[in-house]
Amino acid sequence: PKESIRIPFDNIVYIGDSCNDEIRNKHMPYNQNNVLAICYDFDRTLTPYEMQAQGYIQQINENVDEFWDLATRLAVENEMDPNLSYMYLMLNGAKGKFQVKKDKLHEFGSKVQLYKGVETWFDRINAYGKKCGIEVEHYIISSGLKEMIEGTAIADKFKAIYANAFFYDRNGTAVWPAQNINFTNKTQFLFRISKGTLNVNDNDVNRYFPKESIRIPFDNIVYIGDSQTDIPCMKLVTSLGGQAIGVYDPKLKNKERVHSLIRDKRIKYFAPADYSKNKELEKLLKQIIDYSKASFALKQEYYKNLEESEL
């Protein structure tokens with residue numbers, strides 16, 4: 001079995017002197033910029049609770065557990081996507097109480113509690129990346145609400161926020177879903193990030209990109225999530241050479257989910273969702289950045305040697 005292999009092949013170096021030793025690859029110039037993308041789920045990854053349960057559900061006079069139970073039942077009975085179900089209940093529950101507008105959702109978002117250290121996390125990680133010659137970019141890929149995330153204190157830290165969103169009429173009132181991002185179609189946004197086709201209506205995401213034109217290869221993508229709904233993204237990232245990290249609530253210390261995820265090879269690492277300085281998660285990300293730095297330097301050296309051989 002893999003775990004009993006004394007020296008795995010990724011720890012073997014072969015040094016030779018002739019063409020008989022060579023496995024020749026077609027030369028493709030490697031990207032000159034080292035960019036690392038860190039992609040986050042939101043609920044229970046950056047915040048301890050679902051964002052809708054931190055004020056919105058209570059303001060429409062609903063019990064939080066009953067709201068989610070009704071959303072699940074509505075989805076099952078009507079063969080409905082669960083995200084569309086909860087978005088419908090949000091709009092329906094607000095009737096006669098308040099108008100659902102962007103600024104109102106931003107207001108609810110501003111009250112969302114974040115895990116310890118989150119607000120300073122991005123600048124710290126960016127600074128360490130810069131020190132290592134790496135440009136770090138942060139992205140949200142969430143089944144929560146984009147408008148609420150935009151209202152949080154960390155909204156401007158992300159290059160793009162991919163999440164469920166409403167369509168608004170001419171009066172600015174939410175009337176219909178504009179985006180529905182469930183756990184399976186989350187994966188398209190990883191390809192958008194990798195290829196640099198960030199606009200949700202850019203169909204170039206489906207176009208073939210040669211390796212040298214990929215802006216962020218998957219081995220430079222990190223995905224951080226907390227549960228089974230993140231599995232498609234976690235599996236895609238790890239299978240293509242990237243890093244997936246499972247996080248768990250540092251107060252509850254319930255590791256059952258992350259243990260299951262790592263046993264099933266969905267993630268490579270797990271850590272408590274404490275984003276404070278010098279905590280386990282920061283140390284892990286710095287190790288990944290160090291690894292990216294070394295890997296990038298080796299790739300550059302390989303292409304330099306290959307180019308010389310073809311002169």
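Residues take their numbers from the sequence shown, with the count starting at 1.
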Can a side-chain donor-acceptor contact be found between [Y] and [X] if the only test is distance below 3.5 angstrom?
X	Y	value
Tyr115	Asp249	yes
Tyr86	Glu50	no
Gln243	Tyr269	yes
Thr184	Asn182	yes

Does the pair Phe67 and Ile60 meet the rule for a side-chain contact (heavy atoms from CB on, under 4.5 Å), with working shown? CA-CA 10 Å; Phe67 177 90; Ile60 61 174; 4.1 Å; yes

Salt bridge or not for [X] and [Y], using N-O below 4.0 Å?
X	Y	result
Glu282	Lys277	no
Asp264	Lys235	no
Glu308	Lys304	no
Lys195	Asp204	no
Arg266	Asp230	no

Single-linkage hydrophobic cluster [X]~[Y], side-chain heavy atoms < 4.5 angstrom:
X	Y	value
Val222	Val35	no
Trp121	Ile221	no
Leu190	Leu240	yes
Phe98	Leu89	yes
Val205	Ile140	no

Do [X] and [Y] have side chains that get closer than 4.5 Å, going by heavy atoms?
X	Y	answer
Lys299	Asp219	yes
Ile245	Lys268	no
Tyr208	Pro210	yes
Phe42	Ile141	no
Thr47	Val118	no
Pro272	Lys253	no
Gln228	Phe183	no
Met90	Val100	no

Ignoring hydrogens and geometry, is there a side-chain-to-backbone donor-acceptor pair from Gln54 to Gln113 under 3.5 Å?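 Looks like yes, one N/O pair under 3.5 Å.
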
Strictly distance-based, threshold 3.5 Å: is any side-chain N or O of Asn83 a donor or acceptor partner for the main-chain N or O of Asn164?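 No.
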
Any side-chain hydrogen bond (donor to acceptor under 3.5 Å, both in side chains) involving residues 129-146? Give me the pairs, sequence neighbours left out, ordered by first then second residue.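 Output for this query lists Tyr40-His138, Asn126-His138, Glu137-Tyr139, Glu137-Arg215.
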
Do you know which two heavy atoms are closest between [X] and [Y], and how far apart they sit?
X	Y	value
Gln99	Thr173	NE2-OG1, 3.8 Å
Ser292	Asn220	OG-OD1, 3.0 Å
Leu91	Val175	CD1-C, 4.0 Å
Thr45	Tyr275	O-OH, 2.7 Å
Val64	Ala53	CG1-CB, 3.7 Å
Val136	Gly129	CG2-CA, 3.9 Å

Distance (rounded to the nearest 0.5 Å) between [X] [atom1] and [Y] [atom2]:
X	Y	atom1	atom2	value
Ile38	Ile289	CD1	CD1	5.5 Å
Thr197	Asn206	OG1	CG	8.5 Å
Gln188	Tyr162	CD	OH	8.5 Å
Ser194	Arg192	OG	CZ	12.5 Å
Asn78	Leu84	CG	CG	11.5 Å
Ile216	Ile193	CD1	CD1	7.0 Å

Dump the intermediate steps for side-chain contact (heavy atoms from CB on, under 4.5 Å) on Leu261 and Met234, then the final yes or no. CA-CA 9 Å; Leu261 290 170; Met234 290 171 167; 4.0 Å; yes

Would you verify whether the NZ or CZ of Arg124 falls within 45 degrees of the ring axis of Phe122 while also being under 6.0 Å from that six-membered ring's centre?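 Checked: cation-pi criterion not met.
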
Row check, Tyr168 ring normal vs Lys101 NZ/CZ: under 6.0 Å, within 45°: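 Ring-cation test returns no.
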
Just do the side-chain contact (heavy atoms from CB on, under 4.5 Å) check on Asp41 and Tyr223 with the steps written out, would you? CA-CA 8 Å; Asp41 180 36; Tyr223 186 88; 3.8 Å; yes

With a cut-off of 6.0 Å (strictly less than), are more than 12 heavy atoms of other residues, nucleotides or ligands near [atom1] of [X]?
X	atom1	value
Lys97	NZ	yes
Lys286	NZ	yes
Lys279	NZ	no
Phe270	CZ	yes
Tyr88	OH	no

Stepwise, does the side chain to side chain donor-acceptor pair (under 3.5 Å) test hold for Asp290 with Tyr128? CA-CA 9 Å; Asp290 291 340; Tyr128 189 78; 2.7 Å; yes

Start with the C-alpha gap between Tyr56 and Met51, add the side-chain angles, then the distance that decides, and say whether side-chain contact (heavy atoms from CB on, under 4.5 Å) holds. CA-CA 8 Å; Tyr56 189 100; Met51 62 186 76; over 6 Å; no

